[in-house]
Undergrad: 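Quick one: the structure is below, and I'll ask about it shortly.
Residue numbers start at 1 and run along the sequence shown. Values below: all heavy atoms of this structure, side chains included; hydrogens, waters and symmetry mates excluded. A quick note: this is a predicted structure, and the numbers were derived from the prediction, not measured.
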Amino acid sequence: MKTRAEIYSKEAADMLRNITTYHYMRHDQLLRLYPGKEEKIDNLLSFFLRQGRIFRDEHSDLYHDGTEAHADNEMLAALWVLVDFIDRVDYHSSTDFPVKLIFIADGELYEVIYVETGGEALIEHAVAKQPGDAEKRIVIVESAEQIGKLNIPDVTAYCTVDMNTGAVQYYKQE
């Protein structure tokens, strides 16, 4: 018979890693990272909140590790892309500008990049200066009209993210 610690240990360690890696996460993002384990995740969230190991911002309804001054909306958008692929993901982590996060899915490395409106030239310049390890890039734009303004190599798809629902709409540049 498994003990409580054995039942929860993998998810508990993973959840703490995710919250400390990404700093702020929505409840629905956390649940989607662990499909089919929603009750277990909710129990762990309650336990970690009581212990003071994680925190919940009542105003924004975000769980966080207490280290960041405010939520990074670009990272929250990148997390929606990650959870869209979660059933195929072997590894994921945050990384340095201009890439928000990386993940490995089906043996391929993906970079997720966020481009705010008006920041197209900055991101193009930053990507050009960075050695490209990724074979595939997913570029989040705030509006589909930005896609024509971008020239980023190795883009698999462009996408927009509905921050309220987490719906991701993918586009291919022609």
Undergrad: What's the shortest heavy-atom distance between Tyr24 and Leu76, and which atoms?
TA: O-CD2, 3.5 Å
Undergrad: So do Asp162 and Thr165 actually touch side chain to side chain, heavy atoms under 4.5 Å?
TA: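 Result yes, sub-4.5 Å side-chain heavy-atom pair found.
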Undergrad: Assigning hydrophobic clusters by single linkage (Ile, Leu, Val, Met, Phe, Trp, Tyr; side-chain heavy-atom cutoff under 4.5 Å), is Ile102 placed with Ile113?
TA: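 Hydrophobic grouping puts Ile102 with Ile113.
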Undergrad: What are the two closest heavy atoms between Lys172 and Thr156, and how far apart are they?
TA: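 Scanning both residues, the minimum pair turns out to be NZ-O, 3.0 Å.
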Undergrad: Report yes or no: does Arg137 contribute a side-chain atom to a donor-acceptor pair with the main-chain N or O of Pro153 at less than 3.5 Å?
TA: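 Flag set: sc Arg137 to bb Pro153 pair under 3.5 Å.
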Undergrad: Considering all heavy atoms of both residues, which atom of Phe97 and which atom of Ala126 are nearest to each other, and what is their separation?
TA: CE2-CB, 3.6 Å
Undergrad: Any side-chain heavy atom of His64 sitting closer than 4.5 Å to one from Ile54?
TA: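 His64 does not reach Ile54 side chain to side chain.
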Undergrad: Kindly say whether Glu120 contributes a backbone atom to a donor-acceptor pair with the side chain of Gln146 at under 3.5 angstrom?
TA: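 Such a contact is absent between Gln146 side chain and Glu120 backbone.
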Undergrad: What verdict does the side chain to side chain contact (heavy atoms under 4.5 Å, CB included) test give for Asp72 and Lys100, after you've listed the backbone C-alpha separation in whole Å, the side-chain angles of each residue and the deciding distance to 0.1 Å?
TA: CA-CA 10 Å; Asp72 178 350; Lys100 295 309 286 184; 2.8 Å; yes
Undergrad: Can you tell if the side chain of Ile41 reaches within under 4.5 Å of the side chain of His27, non-hydrogen atoms only?
TA: no
Undergrad: Name the one of Asp28, Asp14, Val89, Val83 that satisfies side-chain contact (heavy atoms from CB on, under 4.5 Å) with Leu33?
TA: Val83
Undergrad: Which heavy atom of Val127 sits nearest to which heavy atom of Pro98, and what is that distance?
TA: CG2-CG, 3.8 Å
Undergrad: Thinking salt bridges, do Asp65 and Arg53 make one under a 4.0 Å N-O criterion?
TA: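 Looking at Asp65 and Arg53, the cut-off is not met.
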Undergrad: Does the separation of the ring centres of Tyr63 and Phe48 fall below 6.0 angstrom?
TA: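 No - the distance between ring centres of Tyr63 and Phe48 does not fall below the 6.0 Å cut-off.
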Undergrad: Any side-chain to backbone donor/acceptor pair from Arg26 onto Met163? Under 3.5 Å, distance only.
TA: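 Yes; judged by distance alone, with no hydrogens or angles, the pair exists.
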Undergrad: Report the C-alpha separation of Val115 and Leu150 in whole Å, then their side-chain angles, then the decisive distance to 0.1 Å, and conclude whether the side chain to side chain contact (heavy atoms under 4.5 Å, CB included) test is met.
TA: CA-CA 9 Å; Val115 182; Leu150 291 167; 4.1 Å; yes
Undergrad: Just checking, is any N or O donor in the side chain of Tyr114 or Glu142 under 3.5 Å from an acceptor N or O on the other one?
TA: yes
Undergrad: In this structure, which one of Val81, Ile147, Val141 forms a side-chain contact (heavy atoms from CB on, under 4.5 Å) with Cys159?
TA: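 Only one of Val81, Ile147, Val141 forms a side-chain contact (heavy atoms from CB on, under 4.5 Å) with Cys159, namely Val81.
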Undergrad: Between Met15 and Phe55, is there shared hydrophobic-cluster membership here, with clusters defined by ILVMFWY side-chain heavy atoms closer than 4.5 Å?
TA: no
Undergrad: For the residue pair Val161 and Ala77, what are the closest heavy atoms and their distance?
TA: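 For Val161 and Ala77, the tightest heavy-atom pair comes out as CG2-O, 3.9 Å.
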Undergrad: Which is it for Val99 and Val112 under the side chain to side chain contact (heavy atoms under 4.5 Å, CB included) test, yes or no, and what are the steps along the way?
TA: CA-CA 6 Å; Val99 179; Val112 180; 5.6 Å; no
Undergrad: Assess whether a salt bridge exists between Arg56 and Glu58, defined as any Lys/Arg side-chain N lying under 4.0 Å from an Asp/Glu carboxylate O.
TA: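 Yes, Arg56 and Glu58 are salt-bridged.
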Undergrad: How long is the straight-line distance from CD of Glu11 back to CG of Asn43, given to the nearest 0.5 Å?
TA: 11.5 Å
Undergrad: Compare all side-chain heavy atoms of Ser46 with those of Leu49 and state whether any distance is below 4.5 angstrom.
TA: no
Undergrad: Check step by step if side chain to side chain contact (heavy atoms under 4.5 Å, CB included) holds for Glu116 and Glu74.
TA: CA-CA 9 Å; Glu116 67 181 23; Glu74 293 178 6; 3.6 Å; yes
Undergrad: Check whether Tyr22 reaches the backbone of Arg17 with its side chain - one donor and one acceptor, N or O, closer than 3.5 Å.
TA: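 Here the side-chain-to-backbone pair does not exist.
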Undergrad: Which class fits the ring pair Phe85 and Phe103: parallel under 30°, tilted 30 to 60°, perpendicular over 60°?
TA: tilted
Undergrad: At their closest point, which heavy atom of Ile19 faces which heavy atom of Leu45, and how far apart are they?
TA: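 The answer is CD1-CD2, 4.4 Å.
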Undergrad: Is it true that Lys136 and Glu111 make a salt bridge, defined as a side-chain N closer than 4.0 Å to a carboxylate O?
TA: no
